[in-house]
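Below: one structure, written as structure tokens.
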Amino acid sequence: MTRSATWMTLACVGLLAAGCQTTVPASECDGWRKLTPAAQTRALVIAEDRPFAEQVAAHNAFGAKRGCWK
């Protein structure tokens with residue numbers, strides 16, 4: 001009985017380990033979304049916080065250059 005229990009344990013461990021592997025490669029775009037503020041928000045941010053508006057534009061340009069969105 002001990003020998004079959006050992007083999008059963010090894011088989012279960014092997015199946016569990018195989019289930020933990022990722023089959024889909026990670027993308028550099030994972031977790032990125034294009035920032036799309038409303039026109040009114042854009043106008044306010046440009047008028048009140050130009051450096052932040054430039055950061056949003058740079059973020060969107062970087063994602064487009066990487067092909068994360070069109």
- Query: If only atom types and distance count, is the side chain of N60 paired as donor or acceptor with the main-chain N or O of A57 below 3.5 Å?
  - Reply: no

- Nearest-0.5 Å distance that lies between atom CH2 in W69 and atom CH2 in W32: 6.0 Å

- Query: Who else is in the cluster with L44 when I, L, V, M, F, W and Y are joined by side-chain contacts under 4.5 Å?
  - Reply: none

- Out of curiosity, I46 CD1 to T41 OG1, how far, rounded to the nearest 0.5 Å? 10.5 Å

- Set of side-chain contact (heavy atoms from CB on, under 4.5 Å) partners for F52, sequence neighbours left out: V45, D49, Q55, V56

- Message: Considering only residues two or more places apart or on different chains, which pairs with a residue in residues 56-68 satisfy salt bridge (Lys or Arg N to Asp or Glu O under 4.0 Å)?
- Response: E28-R66

- Message: Holding to side chain to side chain donor-acceptor pair (under 3.5 Å), I want the full list of residues that pass it with R33, two or more places apart in sequence or in another chain.
- Response: none

- Q40: side chain to side chain donor-acceptor pair (under 3.5 Å) partners, not counting sequence neighbours: none

- Query: What residue pairs, at least two apart or across chains, pass salt bridge (Lys or Arg N to Asp or Glu O under 4.0 Å) with a residue in residues 52-64?
  - Reply: R50-E54

- Minimum heavy-atom separation for C29 to G67, with atom names? SG-C, 4.4 Å

